[in-house]
Amino acid sequence: MSNSKQSIHKRYRARWIIFALLAITILASLFIKADFPFPAAQVVQNVYDKIESLPAGSAVVIAFDFSPGAAGELEPMALAMVRHCFKKDLRVIGLTIWDAPAVPIMEDVIKQAATEYQKKDGLDYTLLPFKPGLIYLTMCQDFYLAYPKDYRDQPTRELPVFHGIKNLSDVDYVFDIASLSTIETWIAYGKEKADIELGAACTAVMATDYYPFLQSKQLNGLVGGLGAIAQYETLLQKKERAYQAMIPQSAVHLLIILLIVIGNLIYLKQRKKN
Amino acid sequence: MVFLKKQIPLLIALVTGIIFIIQFFVPHPASQNLQAWVTKWISIVTGTALLLGLTSLIYLHYQKVKNKTTGWGFSLVVFLGVFISLMAGFLPTIINWLTPSPVLTAGMTKGSPLIWIFNNSIAPLQASMFSLIAFFMASASFRAFRIKNIQATVLLVSAMIIMLGQIPLGGLISSAIPDTMTWILTVPNIAVRRAILFGVTLGAIATSLKIIFGIEQSYLGSK
Amino acid sequence: MDLYPWFDSSQIDVLIFVIILSGLILYFIRRAKKNPDSVYIRRISGLDRIEEAIGRATELGKPLLYLNGLKEMSAVSTIAATNILGQVTKKIALYSSEIKVPCYDPVVMSVAQETVHQAYLEAGRPDAFRKHNIFFISNDQFAYAAAVDGIILREQPAAILYMGYYYAESLLMAETGVMTNAIQIAGTDAITQLPFFIVTCDATLMGEELYAASAYLSKEPSQLGSLKGQDAGKLIILVIILIGSILSTLGIMWLTDIFSKA
């Protein structure tokens, strides 16, 4: 066997061992149940505090800008945020600038929370259909021009949930839950044009991208990844999917650390031998 | 021909580019109506462009089936997928149109056949691909994280702190772990990201200007 | 009476910056066109590997896989990736090698077909151009990644070039490339994906290097001049940051206030 083929074969073998170890670790950790403290990071606390500070009846736009692929990580945040808003008697306007498949996810999440808190469609919350392109720019000027009808084809102008709202500037808080780069878009067009108060949630991989916007106060807070969502659930005292996922996530992180250590030990041994 | 393929698109880029730079600074409803109108056009163009893609996809897989290329059976699955999705999209609308009152849920609304396909095949497949990242990440970190020099060691130590800081165990070991993680994210991370961000944003401004003034023409497929 | 204003005064700072930066960029483009030798661009090490990658593809008789990223044609990263595609294809045509370009966006596919065609024409090999080697896969992120992974495993390309903007699928594709021992070169302004490309690729062009690469390869005065204009813009920002930091450390906040929204 040539050297190149041997090295590919070795790589494949190492890869399968790692994959098997990871699968076993995740499966085994799913059976472990534990209660542990998980204090919130300041950036997560800021989002929570903002919702807490809003008086009843304030309007919050929640943008469901995530794909079903990322729903495992971000749907718990969407649910926690809608629950928090309903708990504080805030009006919820659900929309997406990502894509049409986000609409059914949005419908499921908002309706689940609405049932729990006995909220009425059109009065306490509404869902807007997917609109592509530069819709947020139109929203900045006139909500009803951007969205003349809600997802049930009812004229938005006549819905009580829109009372006192003409454009995006009249909304008290915008929270974008994103798995793609919509947060920048909200900052560039929503924050800068309509001067909205903006918070965001995103996948863990994306989170580091948004720290500069926190320092410049273009984002008031950030819930990045499942860990941060678990912290939000802890603050909300609704320890559910994200919190329960912390055990498998911890196990996987520890396994990766262990693998890095083993990899380095092998490397040091080889270097010494050479 | 050159006039249609080059001059006209360049003129459209120049005129619309300048109009929309001005539009950004004009809050008047007339300016916003123009913008809403263009947004609709963007949707139409995007939708039409998808037909181009579909044609390419069908041609490619047709060639595979015709030439019996290795794995040509999978190309049949593509045709099947396209056919089923099209039927799921069109049939409810056609049936509703033929009957006096709507009997089926159509479009991308809950309960429609398209959403059923989406929820029961595309969504789980997407989630599976997304979760594969964890496996690939583990194998990549095992292979690539080596303490070859000081920089690599700093990178490795920071990665470990971040990984521990993101799980409850980090805080339980020592409160210094999440604190150090926050410092890494808010100080060195921000410095580097902001530097790259400035460059990227200036690049975006420069490219936009070049497109507007016809200096950059690569989007037309030519220099 | 018309109650609506015709100018949004809160955006005055944006307008001033747009005018200054645009002026600078256009000035340097003009200058570079008049005197192309006035612009120096440093060597970008990752680009040397592109030659090596093409050479390897020719030697092994396997194709080179070129990805344009997941953003639409209007994105700067896609434009840069398309420019690089043209330059790479010219070399591919000269070496009589093969290039395959699976696309995520139909418009990008159409432009890529034209770019590759043009490159084959310029290289004097229009007969070698295969339109359907530049094809559309899907505009669904993970479906695209799955298809590219399949192509990598089935066709075992000698080299894979990831240029443009990527999201979470970057690692899925690049790690699969590692398994096949392909030479991999990435160029992206997607900051979050940079670590993944760095650990899986032989060379990575980071952030602005992607834009600089297309200028470096094409050596076009307009590209080089615009790069110089961007550097001048960066210098201005750097000076403002420095002065702002010193002033705010001393408790003088007027400069900071200019850039803060009321």
Side-chain angles (χ1 to χ4, degrees), chain B residues 21 24-31 45-46 49-57 59-60 63 70-71 74 122 125-130 132-133 136-137 139-141 143-145 192-193 195-200 202-211 213 215-216 218-223, chain C residues 4-8 11 15 18 21-22 25-26 29 73-74 76 79 82-83 86 103 105-107 109-115 117-118 132 135-137 139-143 145-146 154 168-169 171-172 175 178 189 191 196 199-200 206-208 211 218 220 222 226-227 229-230 233-234 237:
Chain B
I21 288 179
F24 184 85
F25 299 99
V26 179
H28 196 277
S31 140
V45 173
T46 313
L50 210 56
L51 280 177
L52 264 179
L54 191 66
T55 318
S56 159
L57 188 79
Y59 181 85
L60 186 84
Q63 287 296 325
T70 326
F74 295 114
I122 298 172
L125 285 170
Q126 280 191 353
S128 310
M129 285 298 288
F130 191 65
L132 268 182
I133 295 172
F136 281 41
M137 217 181 268
S139 91
S141 24
R143 198 186 56 251
F145 267 130
V192 173
R193 265 159 212 280
I196 298 179
L197 211 62
F198 282 140
V200 170
L202 283 166
I205 296 173
T207 312
S208 309
L209 277 174
K210 285 193 286 179
I211 291 175
F213 293 111
I215 300 164
E216 174 71 70
S218 63
Y219 68 98
L220 298 172
S222 59
K223 278 203 297 175
Chain C
Y4 293 99
W6 282 95
F7 181 70
D8 185 354
Q11 303 290 347
L15 182 66
V18 167
L21 293 175
S22 307
I25 291 162
L26 292 175
I29 289 175
M73 199 57 235
S74 56
V76 192
I79 290 173
T82 310
N83 279 333
C103 299
D105 184 295
V107 179
M109 176 202 74
S110 186
V111 173
Q113 280 177 342
E114 275 291 313
T115 308
H117 187 206
Q118 182 75 22
H132 295 288
F135 50 94
F136 172 73
I137 288 184
N139 59 358
D140 180 281
Q141 180 189 15
F142 291 116
R154 276 192 308 274
E169 72 294 334
L171 186 68
L172 294 177
E175 183 65 6
V178 169
D189 53 357
I191 309 169
F196 299 138
V199 295
T200 49
M206 293 185 236
E208 263 181 296
Y211 316 148
S218 69
E220 262 186 70
S222 63
S226 118
L227 215 59
Q230 289 169 52
K234 253 194 283 183
I237 293 173

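All values below come from the heavy atoms of this structure, side chains included, with hydrogens, waters and symmetry mates left out. Order of the sequence lines sets the chain letters (A, B, ...), proteins ahead of strands, with each chain counted from 1.
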Heavy-atom pairs under 4.5 Å with chain C, option from [options] with the top count:
| options | result |
| --- | --- |
| Ala30(B), Gly71(B), Ala49(B) | Ala49(B) |
| Ala144(B), Gly203(B), Ser208(B) | Gly203(B) |
| Thr46(B), Val45(B), Val200(B), Ile196(B) | Val200(B) |

side-chain contact (heavy atoms from CB on, under 4.5 Å) assessment of Leu60(B) paired with Ile137(C):
CA-CA 10 Å; Leu60(B) 186 84; Ile137(C) 288 184; over 6 Å; no

Point-to-point distance, once rounded to the nearest 0.5 Å, from [atom1] of [X] to [atom2] of [Y]:
| X | Y | atom1 | atom2 | answer |
| --- | --- | --- | --- | --- |
| Phe213(B) | Ser22(C) | CZ | OG | 7.5 Å |
| Gln126(B) | Phe142(C) | CD | CZ | 7.0 Å |
| Leu50(B) | Phe136(C) | CG | CZ | 5.5 Å |
| Asp8(C) | His28(B) | CG | NE2 | 13.5 Å |
| Glu175(C) | Ser139(B) | CD | OG | 3.5 Å |

Side-chain heavy-atom pair [X], [Y] within 4.5 angstrom cut-off:
| X | Y | value |
| --- | --- | --- |
| Glu169(C) | Phe130(B) | no |
| Leu52(B) | Val107(C) | no |
| Phe7(C) | Val26(B) | no |
| Ile215(B) | Ile29(C) | yes |
| Ile211(B) | Ile79(C) | yes |
| Leu172(C) | Leu132(B) | yes |
| Glu208(C) | Leu202(B) | no |
| Leu171(C) | Met137(B) | yes |

Closest approach of [X] and [Y], non-hydrogen atoms and distance?
| X | Y | value |
| --- | --- | --- |
| Ser226(C) | Lys210(B) | OG-NZ, 3.3 Å |
| Ala204(B) | Val76(C) | CA-CG2, 3.2 Å |
| Gly199(B) | Gln230(C) | O-OE1, 4.3 Å |

Is chain B contacted by the side chain of [X], its backbone, both, or neither, given a heavy-atom distance below 4.5 Å?
| X | answer |
| --- | --- |
| Ile237(C) | side chain |
| Asp105(C) | neither |
| Tyr211(C) | side chain |
| Thr82(C) | side chain |
| Ser110(C) | side chain |

Between [options], who has the most heavy-atom pairs with chain B when the cutoff is under 4.5 Å?
| options | result |
| --- | --- |
| Val178(C), Asp189(C), Thr200(C) | Val178(C) |
| Ala168(C), Ala145(C), Gly86(C), Gly207(C) | Ala168(C) |
| Leu227(C), Ile191(C), Val199(C), Asn139(C) | Ile191(C) |

With a 4.5 angstrom heavy-atom cut-off, is it the side chain or the backbone of [X] that approaches chain C, or both, or neither?
| X | answer |
| --- | --- |
| Tyr59(B) | side chain |
| Leu209(B) | side chain |
| Ser31(B) | neither |

Ring pair (Phe, Tyr, Trp, His ring centres under 6.0 Å) filter on Phe74(B), not counting sequence neighbours, yields none

